[in-house]
There are 2 protein chains.
Amino acid sequence: MNYQIELRHFIYFLAVAEELHYRKAAEKLFISQPGLSTQIKQMEEILGTQLFVRDKKKVQLTPAGAYLKKEVEFILNHLDQTKKQVKLIGSGQMGEVRIGFLGSAMQSVVPDLLLQLKEKFPGVHTTLEELSNRSQINAILADRLDLGFVRLARVPKGLEVKSVFEDTFSLVLPAGHVLDERDFKHIGQVANEDFILFSQDYSPMYYDTVLSICEDSGFVPNVSHKSVHAQTIFKLVENKLGIAIVPTTLQHGFQMKVKFIEMKNIKQRAVLSMVWKSDNRNPALQNCMDLLLKL
Amino acid sequence: MNYQIELRHFIYFLAVAEELHYRKAAEKLFISQPGLSTQIKQMEEILGTQLFVRDKKKVQLTPAGAYLKKEVEFILNHLDQTKKQVKLIGSGQMGEVRIGFLGSAMQSVVPDLLLQLKEKFPGVHTTLEELSNRSQINAILADRLDLGFVRLARVPKGLEVKSVFEDTFSLVLPAGHVLDERDFKHIGQVANEDFILFSQDYSPMYYDTVLSICEDSGFVPNVSHKSVHAQTIFKLVENKLGIAIVPTTLQHGFQMKVKFIEMKNIKQRAVLSMVWKSDNRNPALQNCMDLLLKL
DNA sequence: TCTATTTGATAATTCATACTTATTGATTAT
DNA sequence: ATAATCAATAAGTATGAATTATCAAATAGA
């Protein structure tokens, strides 16, 4: 009667919370459904709180269950990371920093940073993952990621941000476009063209900034396509399906039949920021931040 | 051979890490020393890392063990906190109650109620949304809302209603109108004026009631304008585009050049009711209702 | 050098309980 | 109506965490 919560409970709970279906969850866990039922029930008894509502053909989380789900996700992620760190420290290496980045960050600062990190802390292993702004924020909050490179004006409470690179914007035109660098005065000259932009979901800040650039020239762009890949955007421009506005450094690393016209005379900049959790417990990240904040 | 780490391991580990002495740690844990030894050993096997150095008469933490100790402390603390929170949310002392209300409820009961709620359950967070009767009912049925303040005679099955406030009706006239409070006897005196009422969609009950008030005086009102905003109605009256009949408490909170004549002698009342779902699972709402139903 | 004492690790055994299979009762779909 | 699907319950099994008993190694005191 006087049991203790165990990690097993959490893993089972998470499976049910995700599937909202006992049999499916049990299959995923490779255990029998009755076993799962009793374990969840026991868990509810230990916590003294109902976690699921099972009424007639459907399983749902209670408010307490929904809260617990978030916490359990965090705890299990943190535990995984801790296990890795323990192994690394135990084997004499220093640790791991899990880094997320927007595709557009790979052209400018991130490679530099990785080189510096490798030099100063050869023992620190880094993992890299290309993710959207939103995914990075969520991953950092859930402790699946230590450090993110995003383009965001604001971040949730509990996270710290530091701007690391300010880039001008460039107009991207098909190679044979009539407008040339010499003739270019302002963006209003291409107001009638179709625009190809990064999706608003992918980077709201980028989207807003581009709109504000156009607004400053007195027009609302006609957005014909949206994409999350620079590659795709350039390809579309190359095929004359529209023109684009992107951070200037994005021109490096792609072989495309497009021309870039840097817009130095406008005030808007593409700001790339680092984000991390104020209370991140990864000792390798501490070292990493000490280095990075000095740059 | 293929075990999993469990919280038990962490608790045992922490005891040993604190005591640096197996027998003493075992005593503290109320288990036998050999049991503790095997569990720690198993833990080291699972993690693939040595956590303690036991050489000749003394037990000490390895670097990996020292790191793990810090993390285990954090995890166990966080877990304790989470358990407490889950209990609080489960018992309704903490959580969120999503409240909808008709604009006209903001003048009378809702603010009072919120104050009382904050006082008794400081942990319960409330969200407020101004919605029409119909929108509130739909939102409650769809579980997007926990509690609504409506003016309705009937509600769909599965919902509960309780009248919370009965307001008299007032006649709203332009400031310079010939009819005065002293001269006023019955609504028939203004039978020939244009009437400005809340839309029938917005509150069918209000609309019906106003019609019945007029009917009792033997006339059918000429409705020239309809609106969903009290603000608009008063503005129209101010500009002599008609007169209105509204719940009396609506006169508070607006700065308008209109005069109110309260009609105490008629039987009709503007009834404000609470609505909620009988089988709402939100524990915070349960507490909220316990409080409210006592008033 | 010999005990006596203390340490953590083994060995053998016991016992709690997480898990299994079999079944039920309730609900929905055909 | 019949079949199918769901979670809960019941009874039995087996895994492994605990126990007791013991050991080997180290220290300290005579």
Side-chain angles (χ1 to χ4, degrees), chain A residues 1-62 64-65 68-69 72 76, chain B residues 1-62 64-65 68-69 72 76 157-158 279 281:
Chain A
M1 229 27 145
N2 232 355
Y3 299 99
Q4 266 286 131
I5 280 279
E6 284 296 351
L7 288 179
R8 165 177 33 88
H9 290 117
F10 287 154
I11 291 161
Y12 291 179
F13 166 78
L14 204 55
V16 179
E18 276 167 2
E19 299 289 332
L20 293 176
H21 196 291
Y22 274 75
R23 191 181 49 74
K24 285 182 194 162
E27 264 173 33
K28 208 165 92 172
L29 294 164
F30 299 106
I31 62 168
S32 69
Q33 172 266 313
L36 182 56
S37 282
T38 52
Q39 284 298 299
I40 296 288
K41 205 176 155 199
Q42 189 188 89
M43 192 174 173
E44 291 181 324
E45 257 169 39
I46 297 170
L47 292 174
T49 311
Q50 202 172 338
L51 301 173
F52 294 101
V53 198
R54 305 85 145 162
D55 68 327
K56 316 172 189 240
K57 216 70 178 167
K58 69 167 174 266
V59 176
Q60 269 190 308
L61 283 163
T62 61
L68 184 61
K69 180 176 178 235
V72 164
L76 293 183
Chain B
M1 224 31 145
N2 233 357
Y3 298 100
Q4 267 284 128
I5 281 278
E6 284 295 349
L7 289 178
R8 164 177 30 89
H9 290 117
F10 288 153
I11 291 161
Y12 291 180
F13 166 79
L14 204 55
V16 178
E18 277 165 2
E19 298 291 332
L20 293 176
H21 197 292
Y22 275 75
R23 191 182 49 74
K24 285 181 192 164
E27 265 173 32
K28 207 166 91 172
L29 293 164
F30 300 107
I31 61 169
S32 68
Q33 172 268 313
L36 183 55
S37 281
T38 52
Q39 285 297 300
I40 296 290
K41 204 179 157 198
Q42 191 188 86
M43 192 174 173
E44 290 181 324
E45 258 169 40
I46 297 170
L47 292 174
T49 311
Q50 203 171 338
L51 300 173
F52 294 102
V53 198
R54 305 86 142 161
D55 68 326
K56 316 173 188 242
K57 218 64 178 170
K58 69 168 173 261
V59 176
Q60 269 194 308
L61 282 163
T62 62
L68 183 62
K69 180 177 179 239
V72 164
L76 293 182
K157 224 179 86 182
D279 60 350
R281 289 266 167 193

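Chain letters run A, B, ... following the sequence lines, proteins first, then strands; residues in each count from 1. We use all heavy atoms of the structure for the numbers below, so side chains are in, but hydrogens, waters and symmetry mates are not.
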Quiz item: Should B/Tyr3 be listed as having a side-chain N or O under 4.0 Å from OP1 or OP2 of C/dA18?
Solution: no
Quiz item: Considering residues at least two apart in sequence or located in another chain, which fulfil the salt bridge (charged side-chain N to carboxylate O under 4.0 Å, His left out) criterion with A/Arg8?
Solution: none
Practice problem: Please list, chain by chain and in numerical order, all residues satisfying salt bridge (charged side-chain N to carboxylate O under 4.0 Å, His left out) with A/Lys28, sequence neighbours excluded. | Solution: A/Glu18, A/Glu19
Quiz prompt | Gap between atoms CD1 and P, on B/Ile5 and D/dA17 respectively (whole Å) | solution = 11 Å
Quiz prompt | Side chain B/Thr49, main chain B/Leu47, donor-acceptor under 3.5 Å | solution = yes
Quiz item: Roughly, in whole Å, what's the span from CD in A/Gln39 to P in C/dT20?
Solution: 10 Å
Quiz prompt | Whole angstrom value for the distance that separates P of C/dT10 from CD1 of B/Ile40 | solution = 14 Å
Quiz item: How long is the line joining OH of B/Tyr12 and C1' of C/dG8, in whole Å?
Solution: 17 Å
Quiz item: OP1 or OP2 of D/dA18 less than 4.0 angstrom from a side-chain nitrogen or oxygen of B/Ser32, does that happen here?
Solution: no
Quiz item: For nucleotides 3-8 of chain D, read 5' to 3', which letter fits each nucleotide if B means a protein heavy atom sits under 4.0 Å from the base, S means only the sugar-phosphate is that close, and - means neither?
Solution: --BSBB
Practice problem: Could you state the atom-to-atom distance from CD of B/Glu6 to C1' of D/dA18 in whole Å? | Solution: 16 Å
Quiz prompt | From CD (A/Glu27) to OH (A/Tyr22), nearest 0.5 Å | solution = 15.5 Å
Quiz prompt | Rounded distance in Å - CZ (B/Arg8) to C1' (D/dA18) | solution = 10 Å
Exercise. Starting from P on C/dG8, measure out to CD on B/Glu19 and report it in whole angstrom.
Key: 11 Å
Quiz item: Would you say the side-chain atoms of B/Thr38 and B/Gln42 include a donor-acceptor pair closer than 3.5 Å?
Solution: no
Quiz prompt | Spacing of CD belonging to B/Glu6 relative to CD1 belonging to B/Ile46, to within rounding of 0.5 Å | solution = 8.5 Å
